[in-house]
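To start, the structure under review is shown below, and the notes come after it.
Reminder, nothing fancy here: chain letters follow the sequence lines and each chain counts from 1.
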Amino acid sequence: MSAEPSAELRLYNSLTRAVEAFRPRVDKKVGLYACGPTVYNHAHIGNFRSFLYGDLLRRVLRHFGFDVTSVMNFTDVDDKTIRGSRAAGESLRIFTDRYIAEFRRDMETLNLLPQDVQPRATDHVPEMIALIGRLVEKGLAYASGDGSVYFRVAALPDYGKLSRLDKEGLKPGARVAQDEYQKETFGDFALWKAWSPDDGDVAWESPWGKGRPGWHIECSAMAMHYLGEELDLHCGGIDLLFPHHENEIAQSEGATGRPFARCWGHSAHLLVDGQKMSKSLGNLFTVRDVEAKGYTGRELRYVLIKAHYRQSLNFTWDELAAARVALSRIDNWIVRWKALPASALTAALPVGAAFLNAFSEALADDLNISGALGHLFDFVHETNRLMDKGEPVPDLPAIWEKVDAVLGLGIRTAEVPPEIAALGAERLAARAAKDWKKSDALRQQLDALGWSVRDSAKGQELVRK
RNA sequence: GGCAGGAUAGCCAAGUGGUAAGGCCGGGCUCUGCAAAAGCCCCAUGCGCCGGUUCGAUUCCGGCUCCUGCCUCCA
């Protein structure tokens, strides 16, 4: 099987608002930065929709032969983390450690590939201070009377190029706290926040006095620290586009005079019952909530990944149930070909190459996962038919390995525990003796234990439900 | 108000200037002691509404209606 698909990867770039051929700065090397979670509570499934988008993006890049260095940060200092740690009577570090651990657990549950680096903001304050220093030197930032430092938006002519918001039009709104700013103009944003009593012992020394970094500067500093001053790709949720990413661009390009990221990608929101998830609506679910309802991580992964990332996705429990059935279709198909003798697998069969080609071509088109999945199900169907007829099939294990490197659905291990196997053997014996009553009772018992019995031409099979 | 994205079968969701992928649900068949499971087959003259361009539009253009998000620290 050829190493790389021939199709050229095209991605939507929020900066140009067009789908364009993706070309990193250096051959096939990609520096990818994804904005990570603020670790003050459990991430919800809406958060994971965008992290899953980042994961899919990474897997697709690999699929197309790119060598990806992936960085995702943890925001472990901000108003919410400070408030949370104080409420819990814990240090900021201990408090955020716990939610970082929870987040990593959820990542594993959803089979997100771990990033190459997962830096936390509080480990990079010196880099942030240095970056702010560069901006102050260049006249792009200024210290206000209280020891905070702000970015001077007016000094950067192309500020607003990502969000295409008119900076003149940025006006105070209801969502701005009234008391905290001593800024030259409304659009200016905090790079460094002077210490306030509410911050407790959370503070770092800086040339401008005791304080803590602003939100946006974290990502600029960490991204540049690990990936250099120019990134190939920067991704995150659509709501980060403004102000967060706009401000990252301003800080980074203001300091370096070079383009910060060549391509920006943003995923649309996850909706629940047609609305954005929010605590007040009571429609906010965590990965644990989904697990508590009996669904697995891979079922959730499938639901969150199956629609195009730039399309808002409406989450419903019905979809999760449908995902379970759809996934079992794939599982059953895998079970079938795993039982095949090696001689039945013909690597050179054209249907295999045709499928892989169609699958890749769909993915190459700005991650058209729905199209790719459609091809997968077509292929499952087609090869099932071949197996029905006892005809040779393509090298399914090798094909699936490539496909699943992108989808991350995995193969369900079907290890049958000894006690289940024993019940199965008992039922087999009962059937042989034509003791239908006993064999039906055993079937029910197995069913209650979560195993379904399949009587097929090959004999009895035990499959976990 | 500004910016952005939508509206495709009961539900979810691709896609195309030439007559609608895929998944779920539903119906049928095969298999079977009976079931279940699994597999196979079928399932939108129709793509929000009104005009226009075209031999032909769901796909292009114009208008309209409705939905969702962003507009300073929410993925």
Next on the checklist: Heavy atoms from C-beta onward define the side chain here; which of A75(B), G39(B), C41(B) lies closest to that of R385(A)?
Outcome noted: C41(B)

Next on the checklist: For the C1' atoms, the ones on G26(B) and on U53(B), what distance do you get once it is rounded to whole angstrom?
Outcome noted: 41 Å

Item to check | Cation-pi check, R310(A) onto Y12(A) ring (under 6.0 Å, within 45° of axis) | outcome: yes

Checklist entry - Within 45° of the axis and under 6.0 Å from the centre of the six-membered ring of W317(A), does NZ or CZ of K293(A) qualify? => result yes

Checklist entry - Is the ring centre of W436(A) under 5.5 Å from the base ring centre of G33(B), and are the two planes under 30° apart, so that they stack? => result yes

Checklist entry - Is it true that D76(A) and R120(A) have a side-chain N and a carboxylate O under 4.0 angstrom from each other? => result yes

Item to check | Selection from U68(B), U72(B), G15(B) that lies nearest to any side-chain heavy atom of L271(A) | outcome: U68(B)

Next on the checklist: Measuring to OP1 and OP2 of G23(B), would you say a side-chain N or O of R329(A) lies under 4.0 angstrom away?
Outcome noted: yes

Checklist entry - Under 4.0 Å between a side-chain N or O of H269(A) and OP1 or OP2 of U68(B)? => result no

Checklist outcome for this item: Any strand, both distances under 3.5 Å, Watson-Crick or G-U wobble: U54(B) pairs with none

Next on the checklist: Which nucleotide wins on minimum distance to the side chain of D455(A), given the candidates C40(B), U72(B), C34(B)?
Outcome noted: C34(B)

Next on the checklist: Under a 4.0 Å threshold between the charged nitrogen and the carboxylate oxygen, would R427(A) count as salt-bridged to D435(A)?
Outcome noted: no

Item to check | Pairwise P distance for G2(B) and A44(B), with rounding to whole Å | outcome: 42 Å

Check: protein-nucleotides 11-13 of chain B nitrogen or oxygen pairs below 3.5 Å:
{"from": "C12(B)", "atom 1": "O4'", "to": "E319(A)", "atom 2": "OE2", "distance (Å)": "3.1"}
{"from": "C12(B)", "atom 1": "O2'", "to": "K306(A)", "atom 2": "NZ", "distance (Å)": "2.8"}
{"from": "C12(B)", "atom 1": "O2'", "to": "E319(A)", "atom 2": "OE1", "distance (Å)": "3.3"}
{"from": "A13(B)", "atom 1": "O2'", "to": "S370(A)", "atom 2": "OG", "distance (Å)": "3.4"}

Next on the checklist: Side chain of D239(A), heavy atoms from C-beta onward: which of A21(B), C70(B), A4(B) has the nearest atom to it?
Outcome noted: C70(B)

Checklist entry - Below 4.0 angstrom from OP1 or OP2 of A14(B), is there any side-chain N or O of N368(A)? => result no

